[in-house]
Amino acid sequence: MNVLHISAECYPIAKVGGLADVVGSLPKYQQKIGMNSNVVMPYYDTVFSQNNAFKSIYKNTLLLGERVINFKILKLENTNLGYDLFCVDVPELLFKDYVYSSDDTERFLAFQIATLDWILSLKQKPNLIHTHDHHTGLIPFMMSQSFKYKSLKNIPTVISIHNAQYQGWFSHEKSHLIPSFDSENAGLLDWDGAINSLAAGVKCAWSVTTVSPSYMEELKQKANGLENLFSHEDTKCLGILNGIDWNVWNPETDPYLHKNYSKTSLISGKKASKKWLCNKFGLDVSKPLFTFIGRLVHEKGSDLFPAVFEKALNENDISILLLGSGDKETETQLETLKSLKNFNAFIGYDESLSHRIYAGADFLLMPSRVEPCGLNQMYALRYGTIPVVNAIGGLKDTVIDVDNKGFGICHDGVTVEKIVHAIERANTLYLDQKKYKQISKKLMSIDHSWDHSAQEYVNLYQSLIL
Ligand code: ADP
Ligand code: GLC
């Protein structure tokens with residue numbers, strides 16, 4: 001079975017969040033179980049593209065409305081990723097040192113059109129096209145509706161929704177940018193009077209998946225305006241829990257750690273990482289270390305962080321360290337909060353520091369209001385760090401509270417009081433060092449590698465391929 005994943009992000013080439021981690025690892029595991037699963041993504045100006053050789057395998061022009069644009073398909077020469085990587089090179093739109101920007105409608109339309117033009121030219125077509133999020137949500141529409149791609153309409157399509165908050169809206173005035181289609185079917189593009197790339201993907205893909213079963217259910221109640229669509233399309237929707245790359249996220253071999261550790265050397269391994277972190281960030285190593293890693297956006301509850309951290313630090317003898325960036329007002333407030341003795345933050349993006357925090361932290365905070373899956377809590381488990389989470393979406397599917405014979409701290413709802421109460425419960429657990437260490441060890445035995453979920457995708461693909 002030959003499957004192409006089409007995505008805006010893929011680790012280690014270009015990463016903004018968990019989408020990259022998933023697209024960068026799922027195909028590797030699918031290859032392991034005998035599939036020919038590969039990735040198509042935009043060619044950005046990233047450190048990875050500067051340091052790796054690509055070979056041009058296809059060249060053409062695409063039409064974006066009246067605009068004629070040159071593009072190439074580049075194939076990564078080395079095979080170290082464990083799957084083939086194809087990059088769509090549209091120099092004037094995509095080759096930038098960022099992934100997302102304000103002209104994404106044109107950028108990702110060009111990406112999708114170039115990808116389909118290339119697929120059209122292939123002698124051996126893929127057996128299935130797997131698209132991810134709204135950036136590739138128009139592909140199922142174009143494959144089924146655009147006259148140019150008629151010959152692709154029998155290839156099954158899957159769209160995976162990693163985050164339905166972002167939908168790729170644009171005005172119908174730009175519909176001429178989409179390769180021509182029967183205007184009677186323009187309704188397939190529409191939601192509430194605008195073109196909605198995610199809604200079009202949900203309507204036109206053969207199957208829709210979300211990255212955890214609970215999130216699938218939640219979307220019928222709360223989906224940034226698409227609730228009725230998810231209820232209506234229920235029969236073709238399925239929640240499949242994300243896995244994590246067991247080799248990249250492995251405390252025994254992780255090259256970013258100062259001291260590697262296994263289940264048996266967990267205590268000393270974590271101690272070394274914690275010591276390094278506390279030295280670097282001026283924190284007291286004897287206090288329990290609470291951390292946050294991620295995008296500073298409303299979905300993650302980050303607007304409450306300044307108030308939460310201040311109250312939690314006042315009421316508990318703990319330290320807090322944050323790694324993240326996003327909302328500018330929150331960033332400024334967090335910078336100000338650095339004057340507190342037991343708080344520090346690195347405002348920015350740092351892959352190596354994230355690994356060191358998963359290893360050195362005692363607790364990882366995830367008070368998300370929306371969390372389709374969440375990979376951070378799974379990384380925390382793998383590194384023996386206890387997650388403190390709001391029990392929604394994928395967090396509900398992966399974290400069980402200690403009071404229910406589990407291994408994490410769960411709260412129900414996102415308010416300053418609820419998050420601080422959860423931190424207090426975690427602190428109490430930490431003070432019972434025997435219980436804390438037992439749980440920490442237990443975490444490392446929980447298997448969230450892709451092995452199980454990769455097979456679930458294969459079962460889905462098989463059910464779609466005629
Ligand atoms: P989301 O995709 O919604 O941001 P996930 O939990 O699925 O959330 O994945 C986030 C990924 O991005 C994880 O790999 C996390 O370690 C990484 N990450 C987020 N922010 C940062 C940051 N500032 N520095 C380093 N890694 C980060
Ligand atoms: C999204 C979600 C996150 C999920 C990730 C990977 O960015 O916000 O919850 O883990 O995609 O699927």
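Along the sequence shown, residues are numbered consecutively beginning with 1. As the structure lists them, so they are numbered: ligands from 1, and atoms in each ligand from 1. Just so it is clear, the values below take in all heavy atoms, side chains as well, and ignore hydrogens, waters and symmetry mates. On a predicted model such as this, the values are computed, not experimentally measured, just so you know.
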### Summary
Sorted by chain and number, sequence neighbours left out, side-chain contact (heavy atoms from CB on, under 4.5 Å) with Asn51 holds for Val47
### Task
Verify side chain to side chain donor-acceptor pair (under 3.5 Å) between Ser352 and Asp350, making sure each step is shown before the conclusion.
CA-CA 6 Å; Ser352 62; Asp350 188 328; 2.8 Å; yes
Specify the protein heavy atom at minimum distance from [atom]: its residue, its atom name, and the distance to 0.1 Å.
| atom | value |
| --- | --- |
| atom 23 (N) of ligand 1 | Gly348 O, 2.8 Å |
| atom 11 (O) of ligand 2 | His162 CB, 3.3 Å |
| atom 19 (C) of ligand 1 | Gly294 CA, 3.6 Å |
| atom 10 (O) of ligand 2 | Gly374 N, 2.7 Å |

### Check: Trp246 ring centroid to Tyr29 ring centroid under 6.0 Å
no
Closer than 3.5 angstrom, by distance alone: can the side chain of [X] be matched with the main-chain N or O of [Y] as a donor-acceptor pair?
| X | Y | answer |
| --- | --- | --- |
| Glu9 | Lys15 | no |
| Asn404 | Gly406 | no |
| Gln377 | Pro387 | no |

So is [X] close enough to ligand 1, meaning a heavy atom under 4.0 angstrom away?
| X | answer |
| --- | --- |
| Tyr358 | yes |
| Lys300 | yes |
| Pro372 | no |
| Cys373 | no |
| Lys15 | yes |
| Tyr379 | yes |

### Message
Check Lys174 with Glu106, please: is the shortest side-chain N to carboxylate O separation under 4.0 Å?
### Response
yes
### Task
Could you tell me whether Lys396 and Glu218 have a side-chain N and a carboxylate O separated by less than 4.0 Å?
no
### Query
What heavy-atom pair brings Ile386 and Gly408 nearest, and what distance separates the two atoms?
CG2-CA, 4.0 Å
## Note on the structure
Residues Phe407 and Thr398: closest non-hydrogen pair is CZ-O, 3.3 Å
### Task
Name the option, out of Glu9, Glu371, Met378, His132, that contains the heavy atom nearest to atom 9 (O) of ligand 2.
Glu371
Please list, in number order, the atoms of ligand 2 under 4.0 Å from a heavy atom of [X].
| X | answer |
| --- | --- |
| Val211 | 12 (O) |
| Gly18 | 5 (C), 6 (C) |
| Val22 | 6 (C), 12 (O) |
| Leu375 | 10 (O) |
| Asn163 | 8 (O) |
| Asn242 | 6 (C), 10 (O), 12 (O) |

### Task
Kindly determine whether Asp451 and Lys32 satisfy salt bridge (charged side-chain N to carboxylate O under 4.0 Å, His left out), including the steps that lead there.
CA-CA 9 Å; Asp451 289 327; Lys32 249 176 57 183; 3.6 Å; yes
### Message
Looking at ligand 2, is there an atom of it that comes within less than 4.0 Å of some heavy atom belonging to Gly17?
### Response
no
### Message
So for ligand 1, is Leu375 a polar contact partner (N or O within less than 3.5 Å, distance only)?
### Response
yes
### Message
Check this for me - ligand 1, Asp21, N or O atoms closer than 3.5 angstrom, yes or no?
### Response
yes
### Message
According to side chain to side chain donor-acceptor pair (under 3.5 Å), does anything in residues 79-89 pair up with another residue at least two apart or in another chain? List the pairs.
### Response
none
### Query
Just which atoms of ligand 1 are under 4.0 Å from any heavy atom in Leu323?
22 (C), 23 (N), 24 (N), 25 (C)
